[in-house]
Amino acid sequence: MSNENYVEQVYFLTRKIPIGKVTTYGAISKFLTLGSARMVGWALNKSFTAENVPAHRVVNRKGELSGRNHFATPTLMQELLEKEGVTIKDNCVVSLATHFWDPNLELDDYFD
DNA sequence: AAGGTGACAGGGT
DNA sequence: TACCCTGCCACCT
């Protein structure tokens with residue numbers, strides 16, 4: 001599989017994240033069963049060139065907004081999430097468990 | 001050409 | 001509980 005396809009799959013999956021929900025780099029890499037969590041970050045880093053990729057809904061396993069410095073402004077990621085109803089405190093998602101969206105559970109039906 | 005660097009994660013101490 | 005170490009893999013010096 002080419003890198004281009006890998007990136008497209010990351011975008012596809014990221015677009016599936018419901019508003020008000022977030023997921024993690026690890027969950028995405030696990031669902032795609034290839035690459036590593038680092039590659040997900042690498043793919044999302046290129047998402048500026050793609051349309052409609054809600055990269056702000058992807059955080060690290062601790063719920064930290066580790067990618068905020070890669071947005072137009074360092075505060076944009078937090079602003080977008082709060083606008084969608086996700087509370088942020090100290091650059092971390094509050095109650096990550098209740099906002100967490102796991103593609104491995106939610107998307108099984110799509111790919112029987 | 002070789003080593004360092006990340007939008008990371010999981011296990012060990 | 002919190003830190004540290006290691007695996008990860010494409011890209012950049």
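Just so we're on the same page: letters track the sequence lines, and every chain starts at 1.
In this structure, A:L13 CG and A:I28 CD1 are separated by 5.5 Å, a value rounded to the nearest 0.5 Å. We find the OG1-CZ distance between A:T75 and A:R68 to be 10.5 Å, quoted to the nearest 0.5 Å. Atom NZ of A:K89 sits about 10.5 Å away from atom OG of A:S95, to the nearest 0.5 Å. Atom CG of A:L65 sits about 12.5 Å away from atom NE2 of A:H70, to the nearest 0.5 Å.
When the nucleotides B:dA9, B:dA7, C:dA10 are ranked by their closest atom to the side chain of A:W42, C:dA10 comes out on top. Minimum atom distance to the side chain of A:F48 is reached by B:dA7, of the listed C:dC9, B:dA9, B:dA7. Listed nucleotides B:dA9, B:dA7, C:dC9 differ in distance to A:M39; the shortest reach to its side chain belongs to C:dC9.
Using a 30° and 60° split on the angle between ring planes, A:F48 and A:F71 fall in the perpendicular class, above 60°.
The nearest whole Å value for the distance from the NZ atom in A:K62 to the P atom in B:dA9 is 9 Å. Between A:R61 atom CZ and B:dA7 atom C1' there is a gap of 15 Å when expressed in whole angstrom units. When the C1' atom of B:dA9 is taken as reference, atom CG of A:L96 falls 14 Å away, rounded to whole Å. Taking atom OH on A:Y11 and atom P on B:dA7, their separation rounds to 15 Å, with Å as the unit. The CG atom of A:L44 sits 17 Å away from the P atom of B:dG6 (whole-angstrom rounding).
For DNA chain B, the residues of residues 63-87 of chain A within the heavy-atom distance limit of 4.0 Å (strictly under) are A:S66, A:G67, A:H70, A:F71, sorted by number.
Remark: A:K21 NZ is packed, more than 12 non-hydrogen atoms of other residues, nucleotides or ligands lying under 6.0 Å away. Enclosure of atom CG in A:D90 is not indicated, since only 12 or fewer non-hydrogen atoms of other residues, nucleotides or ligands lie within 6.0 angstrom.
Heavy atoms of A:T24 sit under 4.0 angstrom from primed sugar atoms or phosphate atoms, though from no base atom. Nucleic acid contact for A:N60: sugar-phosphate only, since backbone atoms but no base atoms lie under 4.0 Å from a heavy atom of the residue. Note on A:A55: a base of the nucleic acid sits closer than 4.0 angstrom, heavy atoms only.
Residue A:S36 is the one, among A:K46 and A:S36, whose nearest nucleotide of DNA chain C lies closer to the 5' end (criterion: closest heavy atom).
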